[in-house]
Enquirer: 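This is the structure I want to talk about, given as structure tokens.
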Amino acid sequence: MRFPPKKKRAAEVLTRLQPLYAGLTTGLDFKSPLELIVATILSAQCTDERVNKVTPVLFARYRSAEDYVEADPEEVESIVHSCGFFRNKTKSIQGMSGALLERFEAEVPHTMSELLTLPGVARKTANVVLSHAFGVNEGIAVDTHVQRLSGRLGLTKEKVPAKIERDLMKLVPRDSWGRMSDLLIWHGRRVCVARSPRCNVCVLADICPSAVVIRYRS
DNA sequence: ATCCCGAGGG
DNA sequence: CCCTCTGGAT
């Protein structure tokens, strides 16, 4: 079985998945850049649904970077507890908020280089904030879904997220970087799931080197 | 037992 | 490169 070249496959991923997930962007609920960066920090190794259950309580209790800095850490921990990594996530939220106050006039910065200076923020979180809060494409958010699907689709052989991101950036037009990430994530949640991917209903099966399907000879 | 929109430290 | 941090869902 032969497959189209990587660049063609990447283009097909965009055109075929777009109609399936039209209107779906991030699964995280937020109303401001600050809410999005907090929600994204909480989303590490945790489902969006779980994050969306705690953020209404969190966002009602703390409305600004100053509120997070002044908050009792144990109270923040108790609110975010069910998301896991609750001590690290609380430290990241409060440390990030402190950095916003000290260096960015309490505003979430709009560039990758500035976002990466915030404690608890690396490329994945920065890419989510840039694309969904500011509409900026400085990279491609590589989470566990993007990592898994990129590998299965044969778009990269790399394992480290930063290297996967570089490979994808070469294969996808820059104005589609944010969209590519969202589409792979939704497809990863609904079809190309981790344990037993539903290749029989996948619109990418014929161009996926990893698809387990009955292939008829032409 | 495995997976979920990771990041920091050694 | 590796390890650790964590709870909830399946």
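Throughout, protein chains are lettered first and strands after them, A, B, ... in sequence-line order, and every chain is numbered starting at 1.
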Enquirer: Contact class for T125(A) vs. all strands (heavy atom < 4.0 Å): base, sugar-phosphate, or nothing?
Expert: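 T125(A): backbone/sugar contact only, no base atoms under 4.0 Å.
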
Enquirer: Would you say E35(A) and S32(A) are linked by a side-chain donor-acceptor pair, where the criterion is simply a distance under 3.5 Å?
Expert: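 Absent: no donor and acceptor within the cut-off.
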
Enquirer: Using a cut-off of 4.0 Å on non-hydrogen atoms, how would the nucleic acid contact of A141(A) be classed: base, sugar-phosphate, or nothing?
Expert: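 Nothing: the residue A141(A), judged by heavy atoms under 4.0 Å, touches no strand.
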
Enquirer: Can you pull the contact range of chain A along DNA chain C, 5' to 3', using atoms under 4.0 angstrom from its heavy atoms?
Expert: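 On DNA chain C, the outermost contacted nucleotides are dC1(C) to dT10(C).
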
Enquirer: Once you round to the nearest 0.5 Å, how far does CG of N127(A) lie from CG of D143(A)?
Expert: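 Between N127(A) CG and D143(A) CG, I get 11.0 Å after rounding to 0.5 Å.
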
Enquirer: Establish, with yes or no, whether the OP1 or OP2 oxygen of dG6(B) is under 4.0 angstrom from a side-chain nitrogen or oxygen of T144(A).
Expert: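 Answer no for this pair, as no side-chain N or O of T144(A) is under 4.0 Å from OP1 or OP2.
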
Enquirer: Rounding to an integer number of angstrom, what distance separates dC3(C) and dC5(B) when you compare their C1' atoms?
Expert: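 These two C1' atoms come out 22 Å apart once rounded.
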
Enquirer: If I take atom CZ in residue R123(A) and atom C1' in nucleotide dG6(B), what distance separates them, rounded to the nearest angstrom?
Expert: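 It is 14 Å, rounded to the nearest whole Å.
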
Enquirer: Rounded at 0.5 Å granularity, tell me how far OG in S210(A) sits from CG in L204(A).
Expert: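 Here the interatomic distance stands at 11.5 Å.
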
Enquirer: Atom CG of L149(A) to atom C1' of dC5(B): distance rounded to whole Å?
Expert: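 These atoms are roughly 13 Å apart.
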
Enquirer: Hey, which sits more toward the 5' end of DNA chain C by its nearest nucleotide, R195(A) or C46(A)?
Expert: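 That would be C46(A).
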
Enquirer: Using the C1' atom as the reference point in each nucleotide, state the distance between dG9(B) and dG7(C) in Å, no decimals.
Expert: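 22 Å, rounded to whole Å.
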
Enquirer: Would you mind reading off the distance between I93(A) atom CD1 and dA7(B) atom P, rounded to a whole angstrom?
Expert: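 My rounded result for the distance is 13 Å.
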
Enquirer: Using a heavy-atom cut-off of under 4.0 Å over every strand shown, decide if F86(A) touches base, sugar-phosphate, or nothing.
Expert: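 The residue F86(A) makes sugar-phosphate contact but no base contact.
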
Enquirer: How far apart are the C-alpha atoms of L116(A) and R123(A), what are their side-chain angles, what is the distance that settles it, and do they pass the side chain to side chain contact (heavy atoms under 4.5 Å, CB included) test?
Expert: CA-CA 7 Å; L116(A) 291 180; R123(A) 289 196 64 89; 4.3 Å; yes

Enquirer: Verify whether one side chain among Y62(A) and E75(A) offers a donor that lies under 3.5 Å from an acceptor in the other.
Expert: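 Yes, because at least one side-chain N or O of Y62(A) sits under 3.5 Å from a partner of the opposite role on E75(A).
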
Enquirer: I need the E12(A) CD to K7(A) NZ distance, nearest 0.5 Å.
Expert: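 Reported to 0.5 Å precision, the distance equals 14.5 Å.
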
Enquirer: Flag the pair E49(A) and K53(A) as a salt bridge only when some basic side-chain nitrogen lies within less than 4.0 angstrom of an acidic carboxylate oxygen.
Expert: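 Between K53(A) and E49(A) there is no salt bridge, as every charged N stays at least 4.0 Å from the carboxylate O atoms.
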
Enquirer: Please tell me which of G120(A) and E49(A) maps to the more 5' nucleotide of DNA chain B, matching each residue to the nucleotide holding its nearest heavy atom.
Expert: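 Residue closer to the 5' terminus by nearest nucleotide: E49(A).
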
Enquirer: Return the value, rounded to whole Å, for the distance between atom NZ of K53(A) and atom P of dC4(B).
Expert: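 So the NZ-P distance, K53(A) to dC4(B), works out to 18 Å.
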
Enquirer: What integer distance in Å separates L42(A):CG from dA7(B):P?
Expert: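 One finds 12 Å between P of dA7(B) and CG of L42(A), rounded.
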
Enquirer: Would you give the length of the straight line joining atom OG1 of T156(A) to atom CG of D167(A), rounded to the nearest 0.5 angstrom?
Expert: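 Answer for the OG1-CG pair, T156(A) versus D167(A), is 3.5 Å.
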
Enquirer: If you measure from the P atom in dG10(B) to the same atom in dT6(C), how many Å do you get, rounded?
Expert: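 These two P atoms come out 16 Å apart once rounded.
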
Enquirer: Under 4.0 Å, counting only non-hydrogen atoms across every strand here, what does V160(A) touch: a base, just sugar-phosphate, or nothing?
Expert: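 Sugar-phosphate: the residue V160(A), judged by heavy atoms under 4.0 Å, touches backbone atoms but no base.
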
Enquirer: Rounded to whole Å, how long is the line connecting atom CZ of F85(A) with atom C1' of dA7(B)?
Expert: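 Atom CZ in F85(A) sits about 9 Å away from atom C1' in dA7(B).
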
Enquirer: CD of E165(A) versus P of dG6(B): gap in Å, rounded?
Expert: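 Roughly 14 Å, once rounded to whole Å.
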
Enquirer: Base, sugar-phosphate or nothing for G27(A)? Non-hydrogen atoms, less than 4.0 Å.
Expert: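 Touches a base.
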
Enquirer: When all nucleic acid strands are considered with a 4.0 Å heavy-atom cut-off, which category describes V121(A): base, sugar-phosphate, or nothing?
Expert: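 Sugar-phosphate contact only.
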
Enquirer: P161(A) near the nucleic acid: base, sugar-phosphate alone, or nothing, with a heavy-atom cut-off under 4.0 Å?
Expert: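 P161(A): no heavy atom of the nucleic acid under 4.0 Å.
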
Enquirer: Could you tell me how far apart Q147(A) (CD) and dC3(B) (P) are, to the nearest whole angstrom?
Expert: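 Checked: the CD to P distance equals 12 Å.
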
